[in-house]
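Take a look at the structure below.
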Amino acid sequence: MSAVESKEKVKILQADVIWREYPIADVQKRWQSCQTFIDVLGKGILKQLIAELS
């Protein structure tokens, strides 16, 4: 195997590793923003309920 071929293989492997790790981080970020949204929404609903009850 030539030096050029081995460099290409390394690039492919690195890209593969990044591709496998990236979606997990992306999902975690989306989940965190989703949780934040649910928290904000929940607090808004609670405030509305408390206002209606009092």
Side-chain angles (χ1 to χ4, degrees):
M1 187 159 59
S2 70
V4 174
E5 281 175 329
S6 58
K7 276 184 183 175
E8 285 301 310
K9 268 220 162 109
V10 169
K11 276 186 193 172
I12 291 166
L13 285 171
Q14 284 173 336
D16 191 45
V17 168
I18 291 165
W19 182 247
R20 284 184 191 170
E21 288 177 5
Y22 172 73
I24 296 164
D26 192 43
V27 167
Q28 284 172 337
K29 278 183 203 165
R30 284 186 188 175
W31 176 241
Q32 282 173 345
S33 62
C34 187
Q35 282 180 315
T36 307
F37 177 71
I38 291 167
D39 286 348
V40 170
L41 197 69
K43 285 174 187 165
I45 291 168
L46 276 175
K47 280 182 187 173
Q48 206 172 12
L49 278 174
I50 291 165
E52 283 177 19
L53 290 172
S54 59

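In this chain, numbering begins with 1 at the start of the sequence shown.
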Item checked: Between CD on residue Glu52 and CD on residue Gln48, distance to nearest 0.5 Å -> 5.5 Å
Next item on the list: Linking directly or through intermediates, with side-chain heavy atoms under 4.5 Å: list the remaining ILVMFWY members grouped with Ile45, chain and number order.
Entry: Phe37, Leu41, Leu49
Notebook entry, point to check: Among all residues two or more places apart in sequence or in another chain, which pass the salt bridge (Lys or Arg N to Asp or Glu O under 4.0 Å) test with Lys7?
Noted result: none
Notebook entry, point to check: Given side chains that start at C-beta, do those of Cys34 and Ile38 come closer than 4.5 Å, heavy atoms only?
Noted result: yes
Checklist line | Pairs where residues 27-40 contributes a residue and the test salt bridge (charged side-chain N to carboxylate O under 4.0 Å, His left out) is met, not counting sequence neighbours | finding: Asp26-Arg30
